[in-house]
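Reading through the C-alpha cells given below for one structure.
Nothing fancy with the numbering, it's 1 onward along the sequence.
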Amino acid sequence: SGFYFLILGVHDVILWGDLLVVLPLVAIISSLPLSLGALGVRESAVTAGLVLFGVIPLNALAVAILFRFSTWAKSLLGAVLLLEESLRKK
C-alpha cells in the first residue's frame, strides 16, 4: 500500500495488520458527506488512525497530506493523458 511506503518515508513504522485496520475505517469515514471530496475529513481520519497505532502525530499528518497530494497528482496525470488521447483522435 502507498500508505505503508509513505510512513516509511517519514521514518516511522506501523505493522501491516494495523494498517489493515486503519485503511478500511478511513475509507468508511471518507465516504461520509461531510465536506467536498472529503477534504480534511480523510486527513483527520488518517492522522487519528495512524496515531492510534503509534505513529508520531506530525508524521501521521505528513503521511495524510502526502497521500492527498499523490492522489491529486495521479488524477492530474490521468486527465492530461486522457486529453492528449482525445486530441489525437480528432
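Tested against L25 for a side-chain contact (heavy atoms from CB on, under 4.5 Å), the candidates V22, V21, L23 yield a single pass: V21.
Hydrophobic clustering of Ile, Leu, Val, Met, Phe, Trp and Tyr side chains at less than 4.5 Å, counting indirect connections, keeps V51 apart from L6. By the criterion of side-chain heavy atoms lying less than 4.5 angstrom apart, applied directly or through intervening Ile, Leu, Val, Met, Phe, Trp or Tyr residues, W16 is grouped together with I7 in one hydrophobic cluster. In this structure, L77 is not a member of the same hydrophobic cluster as L66, with clusters built from ILVMFWY side-chain heavy atoms closer than 4.5 Å. There is no path of hydrophobic side-chain contacts, each under 4.5 Å, that joins L20 to L8. One hydrophobic cluster, built from ILVMFWY side chains closer than 4.5 Å, holds both I65 and L39.
Of the possible polar contacts, one joining the S31 side chain to the I28 backbone as a donor-acceptor pair under 3.5 Å is found. A side-chain donor-acceptor contact under 3.5 Å links E43 to the backbone of G40. Under a 3.5 Å cut-off, the side chain of S30 and the backbone N or O of A27 do not form any donor-acceptor pair.
A distance of 11.5 Å separates CZ in R42 from CG in L32, rounded to the nearest 0.5 Å. For the atom pair CD of E85 and CG of L87, the computed distance is 10.5 Å after rounding to the nearest 0.5 Å. The structure places CD1 of I56 at 8.5 Å from CG of L58, a figure rounded to the nearest 0.5 Å. Atom CG in L19 sits 7.0 Å away from atom CG in L50 (nearest 0.5 Å).
Put simply, the side chain of H11 does not reach to within 4.5 Å of the side chain of N59, judged on heavy atoms. At a threshold of 4.5 Å between non-hydrogen side-chain atoms, the residues V10 and V63 count as touching. Looking only at side-chain heavy atoms (C-beta outward), V41 and I29 come within less than 4.5 Å of each other. By the 4.5 Å heavy-atom criterion applied to side chains, F3 and V46 are counted as neighbours.
Within 6.0 Å of CG in L36 there are 12 or fewer heavy atoms belonging to other residues, nucleotides or ligands.
Considering all non-hydrogen atoms of both residues, Y4 and I14 come closest at CE1-O, 3.4 Å. Across A64 and T47, no two heavy atoms sit closer than the pair CB-OG1, 3.8 Å.
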